[in-house]
2 protein chains.
Amino acid sequence: MGITERKTREKQEMRTKILEAAKDVFIEEGYEKASIRAIAERIEYSPATIYLYYKDKNELFHEVHELGFEKLTEEFRLSDSIENPFERLRALGHTYMKFGITNPEIYDLMFIQKAPMEAIKETDEGWDCGLTCLTYLKTTLEECIAKQYIQPTEINLLSISIWSYMHGLTSLHIRDRFHIFKDFDIEKLLYGSVELMLGMIKQNTISRPENQ
Amino acid sequence: MGITERKTREKQEMRTKILEAAKDVFIEEGYEKASIRAIAERIEYSPATIYLYYKDKNELFHEVHELGFEKLTEEFRLSDSIENPFERLRALGHTYMKFGITNPEIYDLMFIQKAPMEAIKETDEGWDCGLTCLTYLKTTLEECIAKQYIQPTEINLLSISIWSYMHGLTSLHIRDRFHIFKDFDIEKLLYGSVELMLGMIKQNTISRPENQ
DNA sequence: TAAATTTAATAAACACTGTTTAGTAAATCC
DNA sequence: GGATTTACTAAACAGTGTTTATTAAATTTA
């Protein structure tokens, strides 16, 4: 019977319709103004309708957060063609930071807000999209170690460190904590910091001939 | 005339009464549940009364955020007695991270939420309390450089980097992004990361005899 | 001291928020 | 064609920050 098939298809279409509206409101108006009512109004449905397709706001925001990860992963993929793993690492760093600065509201949802993580806790799934991005970093770092650009280091320790560093720079910046450096070009400081870190983890190798 | 003096004193007492209540609600109930009504109820006044002493929620939260900085600065001061600047740097790092993990809601307000920064924008003051803490880090780093524990580096670049690193570790942790390392002892990874960073910035000096 | 004025506090309202419930109209099934 | 399921929504509930009009008390003035 084709009706049930059409119905499930329509149900899915409505979900993506809501999801896209949520994403748009999010990007245009920001986290604070992304209310259920605002999203409902955009698709010309009543607020209550959204609850027929999403359990609650957390679940909806969790899916928006997944969209964000799809976009970030997509941008990460652009660096796949870079042969040198250390150069690829630099590119990933720049991509990550630029993503955060360009899409602060989505970045907010992906790495700062509690909501998406609470949605995960209510299911038995893990933070798959986060894991995917982390794996991207991990494999690049492993390759850097294999090709002796970086001193051998426990990979979880190293990846958590690089990620935290990049997140620290990005999040303190988009949350306006760097205004105290008002006499400096902040973006220049940010990219300078990335280079400082890259220099530090690379220099270790250069200065240790026994690893070469 | 003693009346006006008493009045201004009472006005100040009421402000601190509200402020302390706000801080307590904040610590006990968290950011989300720290509503004007909840704060008002705790001091047994009507919500409207708070607006006679504070312009809006942002201004009140800004003062709570300042209390947080007083506490953090206090804890930083405990490391003043450490002679070796590099050991002092390690202590500051541990203090910072422990502060964030122990007081996640206050840390939230100090380094994550937008609200306190918006309160600053509306006045002509800067982020003085943030600057104080940063100066603490800066002077320690400068001393590290002077005593050749750390390779000479532009001080703003270096301090922004160390701070971002510590904030990245702390904030990703308290916002539950490290659950993907579920097979590991996360706190161990965190302190391990601090050691990794310390090792990296120190090693540069050791491996460069021309600086010693 | 009595009246006028200033001050302090609040109840109630406004415009929002997420979410639930009851009810309606249309589509589908028998 | 009548019964049933489905899709949707209006209205309500409990909460939010904030403003306004009003009241009662404290203070000043005459």
Side-chain angles (χ1 to χ4, degrees), chain A residues 1-19 21-22 25-26 29-65 105 108-109 113-116 118-119 122, chain B residues 1-19 21-22 25-26 29-65 105 108-109 113-116 118-119 122:
Chain A
M1 181 121 342
I3 289 175
T4 49
E5 288 164 18
R6 199 201 71 221
K7 284 268 165 122
T8 53
R9 193 179 64 238
E10 278 177 353
K11 193 123 198 165
Q12 189 51 50
E13 279 170 2
M14 189 66 173
R15 266 185 77 98
T16 56
K17 190 172 183 158
I18 294 170
L19 183 59
V25 172
F26 224 94
E29 315 271 353
Y31 182 86
E32 311 248 310
K33 290 191 176 176
S35 66
I36 296 289
R37 280 175 175 83
I39 295 162
E41 198 178 2
R42 185 167 288 236
I43 54 170
E44 293 174 304
Y45 278 83
S46 85
T49 303
I50 290 178
Y51 287 89
L52 299 174
Y53 296 89
Y54 288 94
K55 188 180 146 285
D56 54 19
K57 207 184 172 187
N58 275 2
E59 191 182 288
L60 176 57
F61 278 21
H62 175 73
E63 294 219 359
V64 177
H65 132 285
E105 298 293 346
D108 190 12
L109 203 53
Q113 291 295 333
K114 288 174 186 167
E118 275 161 18
E122 286 173 16
Chain B
M1 179 130 327
I3 289 175
T4 49
E5 289 164 17
R6 199 201 70 220
K7 284 271 164 121
T8 52
R9 194 180 62 239
E10 281 176 350
K11 192 124 198 163
Q12 189 51 50
E13 281 170 0
M14 189 66 175
R15 267 185 77 98
T16 56
K17 190 171 182 157
I18 294 169
L19 182 59
V25 172
F26 223 93
E29 316 272 353
Y31 182 86
E32 309 250 309
K33 290 191 175 176
S35 67
I36 296 289
R37 281 175 175 83
I39 295 162
E41 197 177 4
R42 185 167 287 235
I43 55 170
E44 294 173 304
Y45 278 82
S46 84
T49 303
I50 291 178
Y51 288 88
L52 298 176
Y53 297 88
Y54 288 94
K55 190 180 144 287
D56 54 19
K57 207 185 172 186
N58 275 3
E59 191 182 287
L60 176 56
F61 278 21
H62 175 72
E63 294 219 358
V64 177
H65 132 285
E105 299 292 344
D108 189 12
L109 203 54
Q113 291 295 333
K114 288 175 185 166
E118 276 161 19
E122 286 172 17

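Source: prediction; values computed, not measured. Note on naming: letters A, B, ... go to the chains in the order of the sequence lines (proteins, then strands), and numbering restarts at 1 for each one. Values reported hereafter were calculated over all heavy atoms of this structure, with side chains retained and with hydrogens, waters and symmetry mates removed.
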- Message: Without decimals, in angstroms, what is the distance between A:I36 CD1 and C:dT19 C1'?
- Response: 9 Å
- Message: Any carboxylate oxygen within less than 4.0 angstrom of a Lys/Arg side-chain nitrogen, looking at B:E105 and A:K114?
- Response: yes
- For the atom pair OH (B:Y31) and CZ (B:F61), what is the distance rounded to the nearest 0.5 Å? 6.0 Å
- Which part of the nucleic acid, if any, lies within contact of A:Y53, taking any heavy atom under 4.0 Å across all strands shown: a base, the sugar-phosphate backbone alone, or nothing? sugar-phosphate
- Item | Whole angstrom value for the distance that separates C1' of D:dT16 from NZ of A:K33 | 16 Å
- Nearest whole angstrom, please: distance from the C1' of C:dT10 to the CE of B:M14. 12 Å
- Message: Looking at every non-hydrogen atom in both residues, tell me the closest pair between A:A119 and A:H62 and how far apart they are.
- Response: CB-CB, 3.6 Å
- Specify the separation, in whole Å, of atom CG of B:L52 and atom C1' of D:dT18. 12 Å
- Does OP1 or OP2 of C:dA9 have a side-chain N or O of B:T49 closer than 4.0 Å? no
- For residues B:I36 and B:K57, report the shortest heavy-atom separation together with the two atoms involved. CD1-CG, 3.8 Å
- To the nearest angstrom, how far is B:E13 atom CD from C:dA8 atom P? 13 Å
- Out of C:dT19, C:dT10, D:dA7, which nucleotide sits closest to the side chain of A:P47? C:dT19
- Query: Is the phosphate of D:dT16, meaning OP1 or OP2, less than 4.0 Å from a side-chain N or O of B:S35?
  - Reply: yes
- Residue whose nearest DNA chain C nucleotide is more 5′ - B:Y45 or A:A38: B:Y45
- Item | Distance, rounded to the nearest Å, where A:K57 contributes NZ and C:dT20 contributes P | 14 Å
- Quick one: does A:R37 reach the base of C:dG18 with a side-chain donor-acceptor pair under 3.5 Å? yes
- Task: Could you check how far CG of A:N58 sits from P of C:dG18, rounded to whole Å?
- Result: 11 Å
- Pairwise 5' ranking along DNA chain D for B:A34 and A:E44, keeping only the more 5' one: A:E44
- Of A:E32 and A:A48, the one whose closest DNA chain C nucleotide lies more 5': A:E32
- Query: Expressed in angstrom and rounded to an integer, what is the separation of B:Y51 atom OH from C:dC14 atom C1'?
  - Reply: 13 Å
- Message: Does atom CD (A:E41) have a neighbourhood of more than 12 heavy atoms from anything else shown, all under 6.0 Å?
- Response: no
